[in-house]
Amino acid sequence: MPAYDRPPAYAQPVLRILDARTGELVPAAPARRGLTRIEAHASGPDPTSLRVLLTADLLVRALELGGTPVWAALAAPHHPAGLRTAATTLSIRPFEDAHDLPSGLGEAQVIHVTAEAPDASGSGPVVWVAPVEWTAEAVGSCEGGAAGEAGGEGVAPEVGGAGGAGGAGGAGGAGGAACRGHVSEPAPGHAPEVPLGRASEPGPQTAAHPALPGLLSDPAALRLALLSVPRGEPVRLGSGVPAEAAGRLARWRRAVAGWARQPSRPVPDDVRARLRSAWENDLDLPGVLEVLRAVESAPELPDGARFETYVYSDRLLALDLARDVGSLA
């Protein structure tokens, strides 16, 4: 962590997460600097499983920013290789294979990240992740429907409500229905009875989910879209605002490149405190993004402080916000 001055309350930050077993906030690292293991439970290469891995990746990054030693393991019974490839595309760091690791490594706590019912995991707090719903319009094609133009140039979330309709009638209509995972609103702190957000086909998945190629055509925009929705709320990747996430990301990268030309300034103490307060409160990533939006337009902040704030936040967000620094454009 950079050695900027900050309020005493943030000298020893404590990340708290909502335990889906109890509905209570618990420390993610109960022992001071004790080893914490993050175990991601994913069923296969599908959008909801990717959201599970993204949440686990964010937990790892947040704990490391607070000085906690941590390691991540993946428990994926079906097609872990395909899931790992998709996760790498989404800038999710590698996971160890949970089945190959010995027990009793001395971790102070094990945190399970899952989209399944909380009781499906082992002992320890459970971080529950709501499902991802998608439509054929969001990715350009759908299994069982007519192929369309490739989408994904800026996948953006549309939260709430039933999924948008697929192609009307005929084979296209059937394909749209197959693409949309059913979404139900869970009670706060509780998981649904049935895993959601995947193709409605029986039995274990035998191949990569048909949505992934289109959704991963712009992985940074997809990552931003997923970060923009609270973890406990379903994500609908639809076509209502297809360029929103990609447009915001491009704007921020241009702004960061411009701010980098000015003298550097420390991250303001109050801004740092707001950022830490957001992500230490059950990984409130929409709250972190809201702070960045405020910093972007705050008239009193020097550009050098804006630059350092965005770069500091990107250690958690991993959106490659400084990608365009030094570009001639």
Side-chain angles (χ1 to χ4, degrees), residues 15-30 34-66 68-80 83-84 86-88 90-101 105 107-132 186 188-192 194-198 222-223 226-227 229-235 279-286 288 316-318:
L15 171 64
R16 295 184 177 274
I17 54 173
L18 181 67
D19 184 355
R21 296 185 197 273
T22 64
E24 298 179 353
L25 286 172
V26 298
L35 178 64
T36 296
R37 178 171 54 145
I38 308 298
E39 188 164 304
H41 299 260
S43 59
D46 62 74
T48 296
S49 291
L50 268 185
R51 195 183 192 194
V52 169
L53 265 63
L54 175 60
T55 301
D57 180 62
L58 292 165
L59 270 172
V60 171
R61 293 172 185 270
L63 285 168
E64 288 179 343
L65 283 169
T68 297
V70 59
W71 60 276
L74 172 62
H78 304 299
H79 307 285
L83 183 58
R84 289 178 188 276
T88 300
L90 203 60
S91 298
I92 295 171
R93 292 187 292 187
F95 289 76
E96 302 284 349
D97 191 329
H99 301 291
D100 295 339
L101 294 172
L105 294 180
E107 60 263 16
Q109 178 161 264
V110 180
I111 300 174
H112 302 273
V113 184
T114 181
E116 313 292 343
D119 291 340
S121 303
S123 60
V126 174
V127 174
W128 183 74
V129 179
V132 175
H190 293 80
V194 182
L196 304 175
R198 294 185 286 276
L222 174 60
R223 186 174 176 110
L226 295 175
L227 294 178
V229 181
R231 185 186 70 250
E233 296 181 10
V235 176
W279 79 57
E280 288 158 16
N281 180 24
D282 196 33
L283 281 178
D284 179 10
L285 277 305
V288 172
L316 175 69
L317 302 176

What's the verdict on side chain to side chain contact (heavy atoms under 4.5 Å, CB included) for Leu54 and Val129, showing C-alpha distance, side-chain angles and the deciding distance?
CA-CA 10 Å; Leu54 175 60; Val129 179; over 6 Å; no
Nearest non-hydrogen partners of [X] and [Y], listed with the distance:
X: Ala318; Y: Ser91; answer: O-CB, 4.1 Å
X: Leu83; Y: Gly44; answer: CD1-O, 3.7 Å
X: Pro286; Y: Pro230; answer: CG-N, 3.7 Å
X: Ala115; Y: Trp128; answer: O-NE1, 3.3 Å
X: Phe95; Y: Arg84; answer: O-NH1, 2.5 Å
X: Ala42; Y: Leu74; answer: CB-CD1, 4.3 Å

Are [X] and [Y] close enough that some pair of their side-chain heavy atoms sits under 4.5 Å apart?
X: Val52; Y: Thr114; answer: no
X: Leu15; Y: Leu59; answer: yes
X: Asp46; Y: Val132; answer: no
X: Leu58; Y: Arg231; answer: no
X: Val127; Y: Asp282; answer: no
X: Val126; Y: Asp19; answer: yes

How long is the gap from [atom1] on [X] to [atom2] on [Y], to the nearest 0.5 Å?
X: Arg61; Y: Ile92; atom1: CZ; atom2: CD1; answer: 9.0 Å
X: Asp57; Y: Leu90; atom1: CG; atom2: CG; answer: 8.5 Å
X: Leu285; Y: Leu226; atom1: CG; atom2: CG; answer: 10.5 Å
X: Leu283; Y: Leu18; atom1: CG; atom2: CG; answer: 11.0 Å

Once side chain to side chain donor-acceptor pair (under 3.5 Å) is applied, do any residues pair with Arg51, and if so which ones, sequence neighbours excluded?
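Testing Arg51 for side chain to side chain donor-acceptor pair (under 3.5 Å), a comparison that skips the adjacent residues, returns none.
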Side chain to side chain donor-acceptor pair (under 3.5 Å) partners for Arg93, two or more places apart:
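Glu64.
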Out of Val113, Thr55, Asn281, Ile111, which one pairs with Ile17 under the side chain to side chain contact (heavy atoms under 4.5 Å, CB included) rule?
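It is Ile111; the other options fail the test.
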Checking side chain to side chain contact (heavy atoms under 4.5 Å, CB included) between Val60 and each of Val70, Leu65, Thr68, which is the one that passes?
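The passing option is Val70.
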With a 3.5 Å distance limit and no angle check, can you tell me whether Gln109 reaches the backbone of Pro125 through a side-chain donor-acceptor pair?
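No: the side chain of Gln109 does not pair with the backbone of Pro125.
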